[in-house]
Amino acid sequence: MNPIFEEAADHVDNQVIREWKAQGKKVIGHTCSHVPEEIISAAGMMPYRLRGIESESTSIGDTYFGPFICSCPKAILQKAGEGAFNFLDGAVMVQSCDSMRRLDECWRAANDDYPGILPGFWHYLGVPHKAVDYSLKWFSEEIEMFKKHIEEHFNVTITEENLRKSITLYNETRDLLKELDEVRGMENTPVSGQEAMNIILAGTAMPKEVYNPLLREALDELKARPAHHGGKKRILLGGSVVDDQSLISVIEAEGAVVVADTVCFGSRSFEGMVPEDSPTMLTIAGRYLHHQFCPRMFGHYKDRMALIKQKMELAKVDGVILQNIRFCDLHGSENGLFEAELESMGVPAIRLEREYGAMADEGRLRMRIGAFLESIPERRTEKPAA
Amino acid sequence: MAQFVKTDAGKRLTRLITNGYMDNIVKAQQGAFVVWIAIIVPAEIFAGFDNVIYCVPESHSALCAGKGVGVSLCEKAENLGYSMDLCSYARIDMGCHFNQGADSPAGGLPKPDLLVSNNNNCTLLAKWFDVYHREWDIPHFILDIPFCYQPQKQRDMEYIVSQFQDLIQTVEKLSGQKFNPEKMAQAWENSVEAAKHWRRFLAAAKNKPSGITAFDSFVQMAPTLTMRGTPELAEHYRFLADETEARVDQGIVPAPNEKYRLLWDNIAPWHQLRKMSSRLGALDANIIAASYTYCIGSLEGSLDPLEFASLSPLEGMARVQNFTICPHGLQLRGQAMKQAIEEMDIDGVVFASNRSCKVYSLMQMDQQRYVQEELGVPTVMIDVDHADERKYSEETAFVRLEALLESIDEARR
């Protein structure tokens, strides 16, 4: 497997970004899967999904956020304060949830104490929490303003032709990632959850024109690879953001394989296409607002449950691990319901609360995950690959 | 010494609130269409229907906490699998209503026919109502209110009005009742009138010593949530403001030896009102105002009275959707707090970091710094939970509060 996937997944910075920047090209960071990256890409820039990985402390994050707040935006702020995102030319903030919205103000406030950490282009993008005709209209106006802001700030023009190409490029990425999902879900899957997650995460940290060919190569390699994860408990991972391989590594170290997920950054991010004919801000808004797999979108619990079931069936999972980062209201309130519904269907499920990143509570998680896996009956249908 | 004094307005309030809860139960039994709403949902809309009543779970949870049953109801929800990290209002409400109104001092709320929530308090609220939507199979209408960093934009107001119109059609369809815009307009007028008297009541805090405590405003705000749009609310606040002004004129104030004039930032600690007020009073300290209540009757970022002459009722109701502290940015929060500190000559600010209200609390670190460094006003941060007493330590809080008073003394030297 191309080592760039692991490098891009494990580190804030990577070789592709360095080469991109060396060519004088721009990178725009953002915090949410509801940011229409096609607009950024059509401007000739690289969208970059912000993560708080590699954080060894939350000293800066704690200073601005206060206690009992999700550690994910805190870790992002930590990295920003340490200068890890100084390669960004811009950033887009979104009210994904209340804590992530607050990152907008915290980052700006931290810039007073850590000068130079705020990218030159800064944009707050309003994203509605429901998809009806008037919210689609409102969101399409937001996207239009976002597009104009990029054009004015960077003195570029986002042409319809470039937008069309960008949409096609992104839809291709989604198609390829769905193919990866299918490979992951195969009997005796040839790819571990960690490796699959590395491949997916790498796509958030490099331009799609570079990523797509690499992803195609990876798929070819995986399809040719002999199956080697047979006989293991097959797990679907759901819930809050998972943007590194640490949690999956704990699950897989306990003898399971993560064959499907519905986490942010993971499989749910590539559901749904932008129509390629006659792209408008409204059609782009449509894809992103009808993308209701994050609990920030109101009133679609049943759709999210349906996605879990669909992925469970596709990947023939033995159990579901639902996790949320501590203090996450959105996943915290839905995971309990998912767990109860799955158990009523006879599907083993467990709900875990954890801190973001560095696996500060790895021992506790390992013990709970191990006990959960032991409680899942042995698979009868699948034999270890020869 | 600051203490709760049962004024005539206080006695009147008890009757109003008790009757309100009882009336709702009776009307629901007689076939009224019942809507459960989040506190900022424009209740005036329901006045436009002949037989639609509304209940406010958040306010009911606060009542439960104030009456001492908050913890037991939280525990009931936790036993159902809801995390302790979720808002205690939500846990109290679920603990109560998944146990047929158990322990509620008001007998619980009548079961709803429609749920209406929003995201301008917090995103949890919609999730909380969604639990009932799924468990009881009741329609859930959600208002999506854009967050604002600057005063609400025209296009945001229009977006909100579209949703109100959608809500009206939804209620018409589900209740089978015809909407009367004139009745709604009258209700809106009542709300505006009530807000005017509320501002007059709060203005008594400008007196030295203050004519009120913030605890009075916490208690008296209840009908703003449960009786909005009614002539009785406007009349009650007129009575409250008149009585308060008369008492100030007569020199009757809650803390005659007032030495420290404090401002409270966050939701009220409902389980501590009497204790905290009395104990502060013994220190000659009075929390005379609170961001939680001074925002009522104003727009985001200001303490000035509402002005709606140029707006239709629906536009006016849309315009106030960002007024509470949570759906607007730090700059606006700071602006209103600065105005409050100056107008009421505040000596110190108590930032109550509230484990059950992340969205109120998650900006307090910056706000505290702003008040302390930019405005030069001493501050303190204490840990509370608005309705779950288990997450509050009285002695720890008072060690910090006493330190605040010492730092005020120091600043005066």
Side-chain angles (χ1 to χ4, degrees), chain A residues 62-70 73 95-99 101-106 108-110 112-113 124 126-135 137-139 141-142 145 295-302 305 324 326-337 339-341 351 353, chain B residues 80-83 85-87 90 117-119 121-131 133-135 139-149 155-156 158-163 165-166 326 329-331 351 353-356 358-366 368-370 381 383 391:
Chain A
D62 286 336
T63 303
Y64 300 91
F65 273 101
F68 56 83
I69 303 299
C70 167
Q95 189 181 19
S96 316
C97 61
D98 297 326
S99 304
R101 198 285 308 160
R102 172 70 175 134
L103 178 63
D104 178 3
E105 287 172 315
C106 286
R108 284 188 274 135
D112 291 341
D113 300 322
Y124 175 78
V127 182
H129 294 262
K130 63 181 187 182
V132 288
D133 53 358
Y134 45 78
S135 58
K137 176 180 172 291
W138 188 88
F139 188 40
E141 292 164 4
E142 280 288 304
M145 288 189 284
R296 78 170 297 280
M297 296 305 291
F298 295 151
H300 291 275
Y301 168 83
K302 286 178 184 165
M305 189 67 227
N324 65 267
R326 199 153 177 233
F327 305 118
C328 175
D329 286 337
L330 299 178
H331 288 283
S333 54
E334 285 206 348
N335 278 353
L337 297 160
E339 184 187 30
E341 195 164 339
R351 189 161 47 94
E353 284 198 336
Chain B
L80 293 170
Y82 294 97
S83 167
D85 288 333
L86 296 177
C87 165
S117 71
N118 53 24
N119 63 312
N121 276 5
C122 62
T123 44
L124 172 71
L125 225 150
K127 294 287 155 192
W128 159 13
F129 277 38
D130 235 15
V131 171
H133 162 62
R134 286 188 294 270
E135 292 292 324
H140 182 192
F141 188 99
I142 302 171
L143 293 164
D144 180 54
I145 311 297
F147 188 88
C148 68
Y149 287 98
R155 66 181 276 268
D156 292 353
E158 289 165 7
Y159 174 47
I160 298 166
V161 167
S162 305
Q163 299 184 65
Q165 286 161 340
D166 193 3
C326 301
L330 191 64
Q331 194 183 340
F351 287 96
S353 179
N354 180 352
R355 291 188 79 85
S356 270
K358 299 181 186 78
V359 70
Y360 210 131
S361 308
L362 56 64
M363 294 159 77
Q364 287 181 310
M365 304 282 273
D366 275 1
Q368 182 181 24
R369 188 169 155 183
Y370 165 72
M381 182 86 72
D383 295 317
K391 297 182 183 174

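Naming: A, B, ... by sequence-line order, numbering from 1 per chain. Note that the structure is a prediction, hence the values are computed from the model and not measured.
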Could you check if a side-chain atom of [X] sits within less than 4.5 angstrom of a side-chain atom of [Y], using non-hydrogen atoms only?
{"X": "B:M365", "Y": "A:Y64", "result": "no"}
{"X": "B:R134", "Y": "A:M305", "result": "no"}
{"X": "B:Y159", "Y": "A:P128", "result": "yes"}
{"X": "A:W138", "Y": "B:D156", "result": "yes"}

For a quick test of reading the model, state the closest non-hydrogen atom pair linking [X] to [Y] and the distance between them.
{"X": "A:R351", "Y": "B:G81", "value": "NH2-O, 3.2 Å"}
{"X": "A:G299", "Y": "B:I142", "value": "N-CD1, 4.2 Å"}
{"X": "B:L362", "Y": "A:S99", "value": "CD2-CA, 3.8 Å"}

### Message
Would A:D113 and B:R369 count as a salt bridge (charged side-chain N to carboxylate O under 4.0 Å, His left out) here? Give the steps.
### Response
CA-CA 12 Å; A:D113 300 322; B:R369 188 169 155 183; 2.7 Å; yes

With a 4.5 angstrom heavy-atom cut-off, is it the side chain or the backbone of [X] that approaches chain B, or both, or neither?
{"X": "A:P67", "answer": "side chain"}
{"X": "A:E141", "answer": "both"}
{"X": "A:E339", "answer": "neither"}
{"X": "A:R101", "answer": "both"}

[X], part contacting chain A, at a heavy-atom distance under 4.5 Å:
{"X": "B:F141", "result": "side chain"}
{"X": "B:I160", "result": "neither"}
{"X": "B:F147", "result": "both"}
{"X": "B:E158", "result": "neither"}
{"X": "B:N354", "result": "backbone"}
{"X": "B:D130", "result": "side chain"}

### Query
Would you call B:D85-A:R326 a salt bridge at under 4.0 Å N-O?
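A salt bridge links B:D85 with A:R326.
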
### Message
Would you say NZ of B:K391 has more than 12 non-hydrogen atoms from neighbouring residues, nucleotides or ligands within 6.0 angstrom?
### Response
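Counting neighbours around NZ of B:K391, more than 12 heavy atoms of other residues, nucleotides or ligands fall under 6.0 Å, so yes.
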
Measure the spacing between [atom1] of [X] and [atom2] of [Y] and express it to the nearest 0.5 Å.
{"X": "A:H129", "Y": "B:N119", "atom1": "NE2", "atom2": "CG", "result": "4.5 Å"}
{"X": "B:L330", "Y": "A:C106", "atom1": "CG", "atom2": "SG", "result": "8.5 Å"}
{"X": "B:L124", "Y": "A:C97", "atom1": "CG", "atom2": "SG", "result": "12.0 Å"}
{"X": "A:L330", "Y": "B:T123", "atom1": "CG", "atom2": "OG1", "result": "4.5 Å"}
{"X": "A:I69", "Y": "B:S361", "atom1": "CD1", "atom2": "OG", "result": "6.5 Å"}
{"X": "A:S333", "Y": "B:L125", "atom1": "OG", "atom2": "CG", "result": "11.0 Å"}

### Task
For each of A:G332, A:G336, A:S135, tally heavy-atom pairs with chain B at distances under 4.5 Å, and name the one with the top tally.
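Option with the top pair count is A:S135.
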
### Query
Under a 4.5 Å heavy-atom cutoff, which of A:R102, A:Q95, A:K302 has the most pairs with chain B?
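Maximum pair count with chain B is reached by A:R102.
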
### Worked check of side chain to side chain donor-acceptor pair (under 3.5 Å) between A:D329 and B:W128
CA-CA 9 Å; A:D329 286 337; B:W128 159 13; over 6 Å; no

### Query
Would A:R108 count as a cation-pi partner of B:Y149, with NZ or CZ less than 6.0 Å from the six-membered ring centre and within 45° of the ring normal?
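Positive - A:R108 is close enough to the ring of B:Y149 and near enough to its axis.
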
Determine whether a donor-acceptor pair (N or O, by modelled atom type, separation under 3.5 Å) exists between the side chain of [X] and the backbone of [Y].
{"X": "B:R355", "Y": "A:F68", "value": "no"}
{"X": "A:E105", "Y": "B:M363", "value": "no"}
{"X": "B:K127", "Y": "A:P295", "value": "yes"}

### Query
How would you list, by chain and number, every residue that makes a ring-ring contact (aromatic ring centres under 6.0 Å, His included) with A:Y134, sequence neighbours excluded?
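Residues passing ring-ring contact (aromatic ring centres under 6.0 Å, His included) with A:Y134: none at all.
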
### Query
Where do B:N118 and A:F298 land on the side-chain contact (heavy atoms from CB on, under 4.5 Å) test, with the steps shown first?
CA-CA 10 Å; B:N118 53 24; A:F298 295 151; over 6 Å; no

### Query
With sequence neighbours excluded, what pairs up with A:K130 under the salt bridge (Lys or Arg N to Asp or Glu O under 4.0 Å) test?
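By the salt bridge (Lys or Arg N to Asp or Glu O under 4.0 Å) rule, A:K130 matches no residue at all.
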
